[in-house]
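The following block contains the structure, expressed as structure tokens.
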Amino acid sequence: MKTIADDNNSPELNHRRIWQVVSQIPEGKVASYGQVAELAGLPRAARLVGNVLKKLPPDTKLPWHRVINSQGKISFPYNSPGYKRQKALLESEGITLLNDKVVMKYYRWQL
DNA sequence: GTTTTGACTAACT
DNA sequence: AAGTTAGCCAAAA
């Protein structure tokens with residue numbers, strides 16, 4: 001018999017929570033992995049957010065590219081295909097990178 | 001069960 | 001400012 005706690009902590013539900021938070025990041029804004037985790041009710045599970053995004057299907061409508069690390073940098077190896085793709089997506093919605101970093105002061109998503 | 005892994009972070013050099 | 005370290009925690013192996 002599944003307990004309520006089990007249901008509320010199932011991998012599937014965690015994924016759904018994260019997905020839900022990411023979907024709310026407005027165009028032209030960014031959030032850190034840690035921020036997404038916290039808003040998803042999973043404080044300190046920043047790494048989980050990355051692991052979940054990693055599994056997204058290539059054709060997802062989720063704005064995964066608006067999630068970057070706490071330093072304002074893209075968490076793909078520098079100039080890797082993923083890096084370039086994310087950078088292009090960010091710039092396409094008006095987010096400028098200075099020295100390979102998003103200036104969080106300007107672009108951080110605030111509720 | 002235990003161990004390893006990672007699209008992370010804050011705190012130290 | 002840039003590199004290192006230790007902590008983090010859910011998933012997968």
Side-chain angles (χ1 to χ4, degrees):
Chain A
M1 172 66 179
K2 280 188 178 179
T3 68
I4 294 184
D6 286 340
D7 287 345
N8 283 333
N9 295 303
S10 69
E12 198 227 328
L13 198 44
N14 289 336
H15 290 191
R16 218 160 50 196
R17 283 185 172 129
I18 290 168
W19 194 87
Q20 182 269 4
V21 171
V22 173
S23 73
Q24 292 181 1
I25 307 172
E27 185 177 339
K29 294 284 178 180
V30 297
S32 72
Y33 295 92
Q35 182 180 5
V36 171
E38 187 170 1
L39 292 172
L42 297 162
R44 298 180 287 305
R47 306 185 81 137
L48 177 63
V49 174
N51 281 262
V52 167
L53 294 186
K54 175 174 60 173
K55 295 177 195 160
L56 287 174
D59 61 334
T60 183
K61 303 298 189 290
L62 212 66
W64 57 269
H65 57 282
R66 297 181 189 143
V67 185
I68 59 184
N69 68 34
S70 62
Q71 306 171 73
K73 299 203 292 187
I74 290 171
S75 288
F76 282 114
Y78 185 67
N79 269 339
S80 64
Y83 180 98
K84 292 180 177 175
R85 194 152 43 95
Q86 184 167 12
K87 180 179 179 183
L89 285 166
L90 290 172
E91 291 178 332
S92 78
E93 47 188 62
I95 296 174
T96 304
L97 281 83
L98 293 181
N99 301 317
D100 311 308
K101 289 187 297 186
V102 171
V103 181
M104 296 303 262
K105 176 181 176 184
Y106 300 145
Y107 296 112
R108 186 173 201 29
W109 174 37
Q110 305 288 164
L111 269 53

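Reckoned from all heavy atoms, side chains included, excluding hydrogens, waters and symmetry mates. All chains are named by letter (A, B, ...) in the order of the sequence lines, taking the proteins before the strands, and each is independently numbered beginning at 1.
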> If only side-chain N and O atoms of A:S70 are considered, is one of them under 4.0 Å from the OP1 or OP2 phosphate oxygen of B:dC8?
Replying inline: no
> A:A45 has a side chain; which of B:dG6, C:dC9, B:dA7 sits nearest to it?
Replying inline: C:dC9
> Atom CD of A:E38 and atom P of B:dC8: how far apart are they, to the nearest Å?
Replying inline: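 Interatomic distance, CD of A:E38 to P of B:dC8: 17 Å.
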> With respect to the side chain of A:N14, which nucleotide from C:dA10, B:dG6, B:dC8 is positioned closest?
Replying inline: C:dA10
> Pick the nucleotide of DNA chain C nearest each of A:N51 and A:R47; which residue has the one closer to the 5' end?
Replying inline: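 Nearest nucleotide further toward 5': that of A:R47.
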> A:K54 NZ to C:dA10 P: how many Å, rounded?
Replying inline: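 Rounding to the nearest Å, NZ of A:K54 and P of C:dA10 are 16 Å apart.
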>> Rounding to an integer number of Å, can you tell me how far A:Y33 OH sits from B:dT5 C1'?
In response: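 Going from A:Y33 (OH) to B:dT5 (C1'), I get 16 Å.
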>> Please classify the nucleic acid contact of A:K55 as base, sugar-phosphate, or nothing, using heavy-atom distances under 4.0 Å.
In response: sugar-phosphate
> Can you tell me how far P of B:dT9 sits from CE of A:M104, to the nearest Å?
Replying inline: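 The answer, rounded to whole Å, is 8 Å.
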> Where the side chain of A:L53 is defined as all heavy atoms beyond and including C-beta, which of B:dA7, B:dG6, C:dA11 is the nearest nucleotide?
Replying inline: B:dA7
> C:dC9 P sits how many Å from A:R17 CZ, rounded?
Replying inline: 15 Å
> Taking the nucleotide of DNA chain C with the closest heavy atom to each, which residue, A:K101 or A:L48, is nearer the 5' end?
Replying inline: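 The residue closer to the strand's 5' end, by nearest nucleotide, is A:K101.
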> Phosphate oxygens OP1/OP2 of C:dC9: is one of them under 4.0 Å from a side-chain N or O of A:R44?
Replying inline: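 For A:R44, the contact criterion (side-chain N or O under 4.0 Å from OP1 or OP2 of C:dC9) is met.
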>> Return the CD1 to CD1 distance between A:I95 and A:I68, rounded to the nearest 0.5 Å.
In response: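 Going from the CD1 atom of A:I95 to the CD1 atom of A:I68 covers 7.5 Å.
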> What is the distance, rounded to the nearest whole Å, between atom CD of A:Q35 and atom C1' of B:dA7?
Replying inline: 16 Å
>> To the closest 0.5 Å, what do you measure between NZ (A:K87) and NZ (A:K73)?
In response: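 Spacing of NZ (A:K87) from NZ (A:K73) equals 13.0 Å.
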> Out of curiosity, A:L90 CG to A:I74 CD1, how far, rounded to the nearest 0.5 Å?
Replying inline: 5.5 Å
> Just by modelled atom types, is the A:Q20 backbone N or O under 3.5 Å from a matching donor or acceptor in the A:S23 side chain?
Replying inline: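 Such a contact is found between A:S23 side chain and A:Q20 backbone.
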> Would A:E93 and A:R66 pass as an ion pair if we require N to O under 4.0 Å?
Replying inline: yes
> Rounding to a whole Å, what distance do you find between A:L56:CG and C:dA11:P?
Replying inline: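 Distance check: A:L56 CG to C:dA11 P gives 14 Å.
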> NA contact type, A:N69, heavy-atom cut-off 4.0 Å: base, sugar-phosphate, or nothing?
Replying inline: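 Touches sugar-phosphate only.
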> Quick one: is B:dT9 close enough that its OP1 or OP2 comes under 4.0 Å of any side-chain N or O from A:S32?
Replying inline: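 True: A:S32 side-chain N/O within range (under 4.0 Å) of B:dT9 OP1/OP2.
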